[in-house]
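Here's the structure we're looking at; comments come further down.
Below, chains carry the letters A, B, ... as their sequence lines are ordered, and counting in each starts from 1.
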Amino acid sequence: MLSYGPATGVGCCCVADPEPRPRGETVDVFVDRIAAAISGKTGVAASEVAPLIQTSNNPERGDLALACFALAGKAGTPGKDAAMALAQTLVGLSIEEVEVSAAGPFVNFKLAPAAIANDVLSRVWNQSPYGASDEGAGQTVVIDFSSPNIAKPFHLGHLRSTVIGWSLRQIYRALGYEVVGVNHLGDWGTQFGFMITAWKRWGDEAMPRIEAGERDVDVFVDLYVKINELAKKDPGVREEARSWFAKLEAGDEEALKLWSFFVERSKVEFQRIYDILGIEHESERGEAFYNDKMPATVEKLKASGLLVEGMTQRETALSKLERAEQKLEKSELELKQTEGKLADESLKDKARKKLSKRQGKLQGELPKLVKTVERAREAVPADEDGLRPQGVDLGEGMGFAILIKVNGGTTYTTRDVTAAYYRAETYSPSKVLYVVGQDQRDHFLPWFKILEAMGETWAKGFSHIGFGKYKGMSTRQGTAVFLDEVLEKARARAAEAAAAATKKVELSEEEREQVAQAIGTGAIKFFDLKADRQKDIDIVVGPEDARVIDWDRLLNLKGDSGPYLQFAHARLAGILAKAPEGSAPSLDAIDFELLGESETLALIKVMGEFLPKIRQAAEQNEPSVISRYVLDLAAKTHQFLAHQRVLTPIPQEGVDTEALARARLFLVACSKKTIAEALDLLGIEALEKM
RNA sequence: GGGCUCGUAGCUCAAUGGAUAGAGCAUCGGCCUUCUAAGCCGACGGUUUCGGGUUCGAAUCCCGACGGGCUCACCA
């Protein structure tokens, strides 16, 4: 359902110029017509009436609806009775191509089917691409997405940022914005100290593995895991890594050589994955790019006067310990009290059940809390060094953001602030979006605030586009999966399903392979994009000791899935391919009166909602708006195809069968175009055959 | 303890403050001699976690309780 009111809601109740409705929606012309008629009858300005008119949620009742409560108020007499009376009055209106009826305080408007069909389909046919607009023209959006870390695996979690970011890129482009997709590669940081240390140690055995054809990144990951395990047991390793990173920062030749080796080899692997996913970036300036720009940021920060001294390491550790102890104490006390209450024999069953549940929870929690306290205690340094980092105190709720460490080094935050300045200066963007996991929210918000505090007006265009994580991924339990494995499994399963399905189309061996790949990746992408991006995805099932990935759900090929969408498109393509010579669809000589069946009209109406959906997706930075839209579009397509024959309609009394076939073929062409363009916004390939 | 976020059908999710809360999966039953059955049609399935409040009208807004998830200082 669409709302035609201004997004803010301001200006509804006063005569002052109402915000113009975004144009380009199919029913606009009808809304205007209806609003004008109502205005004539009630005396309320048409511009105030229009926002009250909404798309109906039930096609049986009509296409547009008006709840009369607010209108009655504007007309002078508020209340339910006045609304009912008003509805009765409005039924008498005579509006061109609109049928008016009332149901209690609601007025329903049924639009002439042929008028809708004409309006929507002409628009679909004439616009290229359909759904595109120029409302973002002249504005730039920078989208930081994917951004994997060098020498670490590309796993399922990275997929989310990649796929969501790409979809947002497509959505903003459709609205006419200039989009700069940035891959902010994690190509700098202490992990390289560890990697170099590992390579010095085991490079002699690692290199032959790579030369033997093993994937570079897999070897790197092995080394990274191995050196971290060693570092846990041997503090000397940590020291060694730290000094290697220091050398790297100082420009040591050997360190730099190894660093660029890791970076280059990893990039090749990332590129391989991006090729499969069909994704690219406009900029690949990673963290290392900002190395020489950091001092300028530090200067700016110092000049701003915002920097203050923070707590020492010992002070921090102590407050952490205190917090852990308090929590433990509280839980112990509550457990004791709960046990006391449970000992009371006169307790009611219901209360007893609730209490024992609470008891179980506390009992399970306690050992963990004890461990937390122990760990916190161990982490407290023996003596106070008095050294204080510098940062910005953001006050209540936000805490203290460290920008300069006690050793004079900079932090992640300092680097992001540096990158922010660079992006603001280079692109003059109206928006900068960071497509990064929801769990990093508390990292982004503070430094956005720092930018504002520094007086940078462009900072208000910065947003963190957070997303939920794949839950239950654990290397230890074997439930952490690399993206590679997922894509391969998906491809294999798509191939398997194709072999098992009843197919009426012939595909060459090569086509079959391509289709399996496209369906597999499409399925994975759609699974990732279909729900609200902030929701966690729990894909691991099974009992505590036997957790497994629920592949059936992840690689679902039926129902609300990627293949469902692709199949709708392929069916339409198949019909167009079978259309006889010389009958290419065209807007000329289409009799829109012939497209009036409920399934047909339903499909047409959904097609008309495309642009408002794109707009909504951009406003909310939410690709799932498009996901649900394409799902609806595909469902209506499948329903239409199941009920109406396109090329050879069943002859009907008084209907020109040829004209009917022509109108339906035209609809098929429009529908195919819309699905293809909607899929493109999600980064999912539309298939001609499958 | 602070901050954020979520709670809707057995499961996964929808629903601009509007009318009878909708899909998919799962279960059960139909439909390939008609353009692709990865599809269509039907049945079953709900005290929208609970309690208050605002409103003509609440899954939606406000307050509270309960229950998940994430996060809280020098790793990125």
Checklist entry - Which value, in whole Å, describes the distance between the C1' atoms of nucleotides B:A15 and B:G53? => result 24 Å
Next on the checklist: Rounding to an integer number of angstrom, what distance separates B:C62 and B:U54 when you compare their P atoms?
Outcome noted: 15 Å
Checklist entry - Given atom CG of A:L71 and atom P of B:G18, what is their separation to the nearest angstrom? => result 17 Å
Checklist outcome for this item: Nearest heavy-atom approach of A:A573 to A:K672 is CB-CE, 3.6 Å
Checklist entry - When the ring planes of A:F448 and A:Y434 are compared, do they come out parallel, tilted or perpendicular, using 30° and 60° as the limits? => result tilted
Checklist entry - Any ion pair linking A:R493 and A:E496 (charged N to carboxylate O, less than 4.0 Å)? => result no
Checklist entry - Which residues satisfy the side-chain hydrogen bond (donor to acceptor under 3.5 Å, both in side chains) test with A:T414, sequence neighbours excluded? => result A:T411
Next on the checklist: In whole Å, I'd like the distance from the CZ atom of A:F106 to the C1' atom of B:U20.
Outcome noted: 12 Å
Checklist entry - Toward the 5' end of RNA chain B, which comes first, A:V646 or A:R628, by nearest nucleotide? => result A:R628
Next on the checklist: What I'd like to find out is whether the side chain of A:L679 reaches to under 4.5 Å of the side chain of A:E685, using heavy atoms alone.
Outcome noted: no
Checklist entry - Does the base of B:U5 carry an N or O that pairs as donor and acceptor with the side chain of A:Q534 under 3.5 Å? => result no
Checklist outcome for this item: Taken to the nearest whole Å, CG/A:L572 to C1'/B:G39 is 13 Å
Item to check | Aromatic plane relationship, A:F567 with A:H638 - under 30° parallel, 30 to 60° tilted, over 60° perpendicular | outcome: tilted
Item to check | Gap in Å between the two C1' atoms, one belonging to B:G57 and one to B:C66, rounded | outcome: 28 Å
Checklist entry - How would you label the contact of A:S147 with the nucleic acid (heavy atoms, under 4.0 Å): base, sugar-phosphate, or nothing? => result nothing
Checklist entry - Of the nucleotides B:A76, B:G1, B:G18, which one has an atom closest to the side chain of A:Y412? => result B:A76
Checklist entry - Can you check the A:L660 CG to B:C35 C1' distance for me, whole Å? => result 14 Å
Next on the checklist: Whether A:D63 and A:K110 form a salt bridge (side-chain N of Lys/Arg under 4.0 Å from carboxylate O of Asp/Glu) is what I want to check.
Outcome noted: no
Checklist entry - Mind checking whether A:F192 and A:W259 have parallel, tilted or perpendicular rings, split at 30° and 60°? => result perpendicular
Checklist entry - How far apart are the C-alpha atoms of A:K689 and A:E511, what are their side-chain angles, what is the distance that settles it, and do they pass the salt bridge (charged side-chain N to carboxylate O under 4.0 Å, His left out) test? => result CA-CA 9 Å; A:K689 288 187 197 174; A:E511 281 174 323; 3.5 Å; yes
Item to check | Nearest-nucleotide pick for A:N149, side chain only, options being B:A76, B:U16, B:A73 | outcome: B:A76
Checklist entry - Is there a donor in the side chain of A:Y629 and an acceptor in the side chain of A:Q616, or the other way round, less than 3.5 Å apart? => result no
Next on the checklist: Quick check against the 3.5 Å criterion: does A:H464 have a side-chain atom that pairs as donor or acceptor with the backbone of A:H443?
Outcome noted: no
Checklist entry - A:R533 CZ to B:C6 P: how many Å, rounded? => result 11 Å
Checklist outcome for this item: Of B:U36, B:A19, B:C74, the nucleotide closest to the side chain of A:T411 is B:C74
Checklist entry - Say you pick atom C1' in B:A9 and the same atom in B:G51; how far apart are they, in whole Å? => result 23 Å
Checklist entry - Can you check whether A:Y564 has a side-chain N or O nearer than 4.0 Å to OP1 or OP2 of B:C40? => result yes
Checklist entry - Among B:A19, B:A38, B:A76, which is the nearest nucleotide to the side chain of A:E287? => result B:A76
Item to check | B:A73 OP1/OP2 closer than 4.0 Å to side-chain N/O of A:Q313 | outcome: no
Next on the checklist: Say we look at B:A58 and B:G52: how far apart would their P atoms be, to the nearest angstrom?
Outcome noted: 14 Å
Item to check | base_contact_polar (B:A14 base, A:D632 side chain, donor-acceptor, <3.5 Å) | outcome: no
Item to check | Contacts of type salt bridge (charged side-chain N to carboxylate O under 4.0 Å, His left out), residue A:R238, not counting sequence neighbours | outcome: none
Checklist entry - What does A:M398 touch in the nucleic acid at a heavy-atom separation under 4.0 angstrom: a base, only the sugar-phosphate, or nothing? => result nothing
What pairs of nitrogen or oxygen atoms, one from the protein and one from nucleotides 65-72 of chain B, lie under 3.5 Å apart?
from  : atom 1 : to     : atom 2 : distance (Å)
B:G67 : OP1    : A:R358 : NH1    : 2.9
B:G68 : OP2    : A:K361 : NZ     : 2.8
B:G69 : O2'    : A:D536 : OD2    : 3.0
B:U71 : O2'    : A:D442 : OD2    : 2.9

Item to check | Polar side chain donor-acceptor pair, A:H158 to A:N149, under 3.5 angstrom | outcome: no
Checklist entry - Do A:N556 and A:Y564 meet the criterion of a side-chain donor-acceptor pair at a distance under 3.5 Å? => result no
Next on the checklist: Heavy atoms only, 4.0 Å cut-off, all strands: where does A:A570 land among base, sugar-phosphate and nothing?
Outcome noted: base
Next on the checklist: Output the rounded distance in Å from CZ (A:R441) to C1' (B:G2).
Outcome noted: 13 Å
Item to check | Minimum-distance nucleotide (side-chain atoms of A:K578 versus B:A19, B:C75, B:C35) | outcome: B:C35
Item to check | Contact under 4.0 Å: A:N57 side-chain N or O vs B:A15 OP1/OP2 | outcome: no
Next on the checklist: What I want to find out is whether A:K636 reaches A:D632 closely enough, with some N-O distance under 4.0 Å, to be called a salt bridge.
Outcome noted: yes
Next on the checklist: Looking at B:U36, I'd like to know if its phosphate oxygens (OP1 or OP2) sit under 4.0 Å from a side-chain N or O belonging to A:K689.
Outcome noted: no
Checklist entry - Please, what dot-bracket string fits RNA chain B when only Watson-Crick and G-U pairs with both distances under 3.5 Å count, crossing ones use [ ] and pairs to another strand use |? => result (((((((..((((....[...)))).(((((.......))))).....(((((..]....))))))))))))....
Checklist outcome for this item: With sugar-phosphate taken as primed atoms, P, OP1 and OP2 and all else as base, the protein-contact string of nucleotides 22-34 of chain B at under 4.0 Å (heavy atoms; B, S, -) is -SSS------B-B
Checklist entry - Looking only at atom P, what distance separates B:G7 and B:U16, rounded to whole Å? => result 13 Å
Next on the checklist: For A:I575 and A:I519, find the nucleotide of RNA chain B closest to each by heavy atoms; which residue's nucleotide sits nearer the 5' end?
Outcome noted: A:I575
Nucleotide N/O of nucleotides 54-59 of chain B paired with protein N/O under 3.5 Å:
none

Checklist entry - Could you state the NE2-P distance from A:H464 to B:U5, rounded to the nearest angstrom? => result 13 Å
Checklist entry - Rounding to the closest angstrom, what is the interatomic distance between B:C35 and B:A23 at atom C1'? => result 27 Å
Next on the checklist: Heavy atoms from C-beta onward define the side chain here; which of B:A73, B:C74, B:G18 lies closest to that of A:F400?
Outcome noted: B:A73
Checklist entry - Separation of A:L64 atom CG from B:A19 atom P, in whole Å? => result 16 Å
Next on the checklist: So A:K503, base contact, sugar-phosphate only, or nothing? Heavy-atom distance under 4.0 Å.
Outcome noted: base
Next on the checklist: Tell me whether A:R662 forms a cation-pi arrangement with A:F666, defined as NZ or CZ under 6.0 Å from the six-membered ring centre and within 45 degrees of its axis.
Outcome noted: no
Next on the checklist: Using atom P in both nucleotides, what's the gap between B:U5 and B:C44 to the nearest angstrom?
Outcome noted: 39 Å
Item to check | A:K469 vs A:D536, salt bridge (charged side-chain N to carboxylate O under 4.0 Å, His left out): CA-CA, chis, key distance, verdict | outcome: CA-CA 5 Å; A:K469 59 179 210 166; A:D536 286 341; over 6 Å; no
